[in-house]
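Indexing begins at 1, ligand by ligand and atom by atom, following the structure's order. Every value quoted in this text rests on a predicted model; they were computed, and no experiment measured them.
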Amino acid sequence: MDHFDYQQGEIYVEGVPVTAIAEQVGTPFYCYSTETLVRHYNVFSDVFRGHDFLLCYALKANSNQAIIKSLANLGSGADVVSEGELRRALKAGIAAEKIVYSGVAKTQEEMAFALEKGILQFNIESEPELHQLSRVADGMGKVAAIAFRINPDVDARTHAKISTGKSENKFGIPWTSARAIYAKAAALPGIRVQGVDLHIGSQLTDLAPFEEAFGRIVTLIEELRADGHEISVLDLGGGLGIPYDQAAEKPPLPLEYGEMVKRIVGHLGCKIIIEPGRLLVGNAGILVSKVIFLKYGEKRKFLIIDAAMNDLIRPSMYEAYHEIVAVKDTGGPLSAYDVVGPVCETGDTFAVRRDLPGLETGDLVAIRSAGAYGAVMSSTYNTRRLIPEILVKGTEYAIVRPRPSYDDIIGLDKMPKWLD
Ligand SMILES: *Cc1c(COP(=O)(O)O)cnc(C)c1O
């Protein structure tokens, strides 16, 4: 469920008509619903009420300051994968003690910055990374609290580009060699072992891979404790999927996921961390775009809109499905369109043979479920300006990232003196 519904034949975001925003800010733009975000957060915090629990929002899904702040106000922590994201989390008011630092390879500078701020945990993914953190922390007279990201060798059964928990993926420590690396870590200066971490992939639409992976981790934690390690934090990662295609996909509800987590790992007495990204923001956002032209090819009818792959890359990168709807539903007969952007690549296609009501130049469409991995993955390819982000709360809305000017973009380039 979300808060993008038709009222009197046109889409409202909570109490605001999309057309009113489009008139003020122009198209294309991203638009987010606070109410949807809050509801998603609360489902998780309700399931884990009474447990030692921390939700660490995975910033990489959508790192707009206003989104982070909306979640921070509810008590959210953060999962970050770079110094930039760490800075964003801190700036939006998330306390360092609620921040975990994930990612395949952190640089010395990034480690030093995070140590200086005093974050909750580093999730370490390799032995060289462990040794580097030990050196950096020891050199600063600090102790880094760590977990190892364990690769449980479980097939997440999701798109290959976002599957991370198989032994052939670059992520984590193979679960078969976990005990050896924990033993090494325990002997290193500047390191305090406190937890176990995993993240097996994104957009999982089935609980079974989670269950299998979490089961392996339970066994591992029992072994690590028997080896004398104090394991008090269990970070289960993110990855729960959302229904991009409402008619075809029925991913597990956050409630079902939470109940499963409690059943499998609840008895360990660990602080439970989860790192959802997509689930919180995915369905809390839409991309609004305007029809530039209709073009009749020999075999296809193309709806060319003013948003493109540089604004939302998921369809071209992951063959992702996004629902596309007319902002004003005329109720007329449907016909099949290929919905494409103006960028010079065939991959710049949002949908093929999609049924939509009759549309004309100037009409608005909304690409749904665009709140996660949308704005954050956008670029200025084709010297197209980054598109604005709008946050709605009730009957109010605000521009939370303005559209840059062309001078802003071109001005980033500098002439060398021999050309000036
Ligand atoms: C990407 C990522 C997440 C969030 O994944 P979602 O599928 O958006 O929930 C969480 N943890 C780690 C380590 C990640 O890389």
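- The shell of residues lying under 4.0 angstrom from ligand 1, judged by heavy atoms, includes Gly239.
- Here Asp408 pairs with Ser405 under the side chain to side chain donor-acceptor pair (under 3.5 Å) rule; sequence neighbours left out.
- Of the protein's non-hydrogen atoms, the one nearest atom 15 (O) of ligand 1 is Lys60 NZ, 2.7 Å.
- Across Asp197, Leu120, Asp79, Leu234, a single residue satisfies side-chain contact (heavy atoms from CB on, under 4.5 Å) together with Ile273, and that is Leu120.
- Arg263 and Glu211 are joined by a salt bridge, as a carboxylate oxygen and a charged side-chain nitrogen come within less than 4.0 angstrom of each other.
- Checked against the 6.0 Å centroid threshold, Phe4 and Tyr12 do not count as a close aromatic pair.
- For Gln121 and Gln194, the side-chain atoms include at least one donor-acceptor pair closer than 3.5 Å.
- Close contacts between ligand 1 and Tyr373 involve ligand atoms 1 (C), 4 (C), 5 (O), 6 (P), 8 (O) [criterion: under 4.0 Å to a heavy atom].
- If you look at Asp79 next to ligand 1, the close heavy atoms, those under 4.0 Å, all belong to the side chain.
- Across Glu275, Arg278, Glu125, heavy-atom proximity to atom 12 (C) of ligand 1 is greatest for Glu275.
- Distances below 4.0 Å separate heavy atoms of Ala58 from the following atoms of ligand 1: 3 (C), 4 (C), 10 (C).
- Between Gly201 and ligand 1, not a single N/O pair is under 3.5 Å apart.
- Under a cutoff of 6.0 Å and an axis angle of 45°, Arg278 and Tyr244 do not form a cation-pi pair.
- Within the listing of ligand 1, atoms 9 (O) sit less than 4.0 angstrom from a heavy atom of Pro276.
- Contacts between Ser102 and ligand 1, counted as non-hydrogen atom pairs separated by less than 4.0 Å, involve the side chain only.
- Taking a cutoff of 4.0 Å between a charged side-chain nitrogen and a carboxylate oxygen, Asp311 and Arg384 qualify as a salt bridge.
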